[in-house]
Amino acid sequence: MRAVVQRVSEASVTVDGDVVGRLNGPGLVVLVGVTHSDTPEQARKLAAKIHDLRILDGERSAADAAAPLLVISQFTLYADTAKGRRPSWSAAAPGSVAEPLVNELVEELRKRGATVETGRFGAHMQVHLVNDGPVTLVLDT
């Protein structure tokens, strides 16, 4: 699994004009991509890593600060741009594999006590955020 984690002062995700997820204050936006070989155990470990990352003010984690997270699936994180000008998406897992693993990550964050908002899997989404710092990290399992 791959995640792009951004520290934000606010964020929202909209589908068809409706806001489906929102952070009204400081927190983390997490873009999540899944590849074919990923497992539920990797999703749980990635959730723990994200929740415990000390990237908020005062070197605190989302767990320490009770900061909310906005988790959005993004298959394009597994784009292959090595050949030509058109990316290949063959490394991205199909929805039937990816959606349960994104859900596993979200559920693990919630089990850890996190407040989690989400996008809508497979939908065309508009993501609005104010990156704070900016702080952006790429995590791979």
Side-chain angles (χ1 to χ4, degrees), residues 1-83 85-141:
M1 292 183 81
R2 182 170 292 157
V4 174
V5 181
Q6 297 179 297
R7 183 177 73 187
V8 300
S9 56
E10 62 183 71
S12 66
V13 60
T14 304
V15 176
D16 295 329
D18 295 323
V19 175
V20 297
R22 171 176 280 142
L23 302 182
N24 289 320
L28 301 176
V29 168
V30 182
L31 307 174
V32 180
V34 177
T35 194
H36 303 279
S37 59
D38 289 333
T39 66
E41 179 61 24
Q42 287 173 308
R44 290 187 292 273
K45 285 182 180 179
L46 184 57
K49 177 78 168 184
I50 291 165
H51 200 222
D52 291 335
L53 274 175
R54 293 172 46 184
I55 60 172
L56 296 173
D57 285 341
E59 292 190 15
R60 295 184 307 156
S61 67
D64 297 333
L69 299 98
L70 176 57
V71 176
I72 302 165
S73 64
Q74 188 170 349
F75 76 93
T76 61
L77 293 179
Y78 276 101
D80 180 355
T81 59
K83 296 181 184 175
R85 296 179 296 139
R86 181 178 293 163
S88 167
W89 312 114
S90 62
S96 60
V97 173
E99 187 173 16
L101 292 175
V102 172
N103 290 340
E104 182 72 29
L105 181 136
V106 168
E107 288 309 309
E108 181 64 23
L109 287 166
R110 289 179 175 149
K111 284 178 189 174
R112 295 173 59 83
T115 299
V116 183
E117 296 279 316
T118 65
R120 185 172 300 150
F121 191 90
H124 183 93
M125 295 176 271
Q126 289 78 47
V127 180
H128 304 272
L129 61 90
V130 178
N131 193 321
D132 182 21
V135 174
T136 302
L137 302 173
V138 178
L139 307 177
D140 282 300
T141 58

Taking the side chain as every heavy atom from C-beta outward, state whether [X] and [Y] have any pair of such atoms under 4.5 Å apart.
X: Val71; Y: Leu105; value: yes
X: Leu69; Y: Thr115; value: no
X: Ser61; Y: Leu53; value: no
X: Thr118; Y: Ile72; value: no
X: Glu107; Y: Leu109; value: no
X: Val8; Y: Pro26; value: no

Next item on the list: Among Thr141, Leu139, Asp140, Leu46, find the one that has a side-chain contact (heavy atoms from CB on, under 4.5 Å) with Arg2.
Entry: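 Of the listed options, the one satisfying the test is Asp140.
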Margin query: Please confirm whether the ring centroid of Trp89 lies under 6.0 Å from the ring centroid of Tyr78.
Written below: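 Ring-ring flag for Trp89/Tyr78: false, centres at least 6.0 Å apart.
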Residue pair [X] / [Y]: nearest heavy atoms and the distance that separates them:
X: Asp132; Y: Ser9; value: CB-N, 4.0 Å
X: Val30; Y: Ala3; value: CG1-CB, 4.1 Å
X: Gly119; Y: Val13; value: CA-CG1, 3.8 Å
X: Gly27; Y: Ala67; value: CA-CB, 4.1 Å

For the pair [X] (side chain) and [Y] (backbone), establish whether a donor and an acceptor sit closer than 3.5 Å, ignoring hydrogens and angles.
X: His36; Y: Val97; value: no
X: Arg60; Y: Ile55; value: no
X: Thr76; Y: Ala79; value: no
X: Asp80; Y: Ala82; value: yes
X: Gln42; Y: Thr39; value: yes
X: Asp38; Y: Thr35; value: yes
X: Thr14; Y: Gly17; value: no

Could you state the interatomic distance from [atom1] ([X]) to [atom2] ([Y]), rounded to the nearest 0.5 Å?
X: Ser73; Y: Leu101; atom1: OG; atom2: CG; value: 12.0 Å
X: Arg7; Y: Leu56; atom1: CZ; atom2: CG; value: 7.0 Å
X: Ser12; Y: Leu70; atom1: OG; atom2: CG; value: 8.0 Å

Check: Any Lys/Arg nitrogen of Arg112 or Asp52 sitting under 4.0 Å from an Asp/Glu carboxylate oxygen of the other?
Finding: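 So Arg112 pairs with Asp52 through a salt bridge.
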Check: Are Met1 and Val32 close enough, and set up right, to give a side chain to side chain contact (heavy atoms under 4.5 Å, CB included), and what steps lead you there?
Finding: CA-CA 7 Å; Met1 292 183 81; Val32 180; 3.6 Å; yes
Item checked: Any residue meeting side chain to side chain contact (heavy atoms under 4.5 Å, CB included) with Pro100, in chain and number order, not counting sequence neighbours ->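 Result, side chain to side chain contact (heavy atoms under 4.5 Å, CB included) vs Pro100: none returned.
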Next item on the list: Could you walk me through whether Glu10 and Leu23 pass side chain to side chain contact (heavy atoms under 4.5 Å, CB included), step by step?
Entry: CA-CA 5 Å; Glu10 62 183 71; Leu23 302 182; 5.8 Å; no
Note to self: side chain to side chain contact (heavy atoms under 4.5 Å, CB included) for Val4 and Thr136? Distances and angles first, verdict last.
What the structure shows: CA-CA 7 Å; Val4 174; Thr136 302; 3.7 Å; yes
Note to self: Atom CZ of residue position Arg110 - does it have more than 12 heavy atoms of other residues, nucleotides or ligands inside 6.0 Å?
What the structure shows: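 Yes - once you tally the heavy atoms of other residues, nucleotides and ligands closer than 6.0 Å, there are more than 12.
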Notebook entry, point to check: Does CD in Glu41 sit with more than 12 non-hydrogen atoms of other residues, nucleotides or ligands closer than 6.0 Å?
Noted result: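 Yes, enclosed.
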Check: How far apart are the C-alpha atoms of Arg44 and Glu104, what are their side-chain angles, what is the distance that settles it, and do they pass the salt bridge (charged side-chain N to carboxylate O under 4.0 Å, His left out) test?
Finding: CA-CA 7 Å; Arg44 290 187 292 273; Glu104 182 72 29; 3.0 Å; yes
Item checked: Check against side chain to side chain contact (heavy atoms under 4.5 Å, CB included), Val34 and Glu99 -> CA-CA 9 Å; Val34 177; Glu99 187 173 16; over 6 Å; no
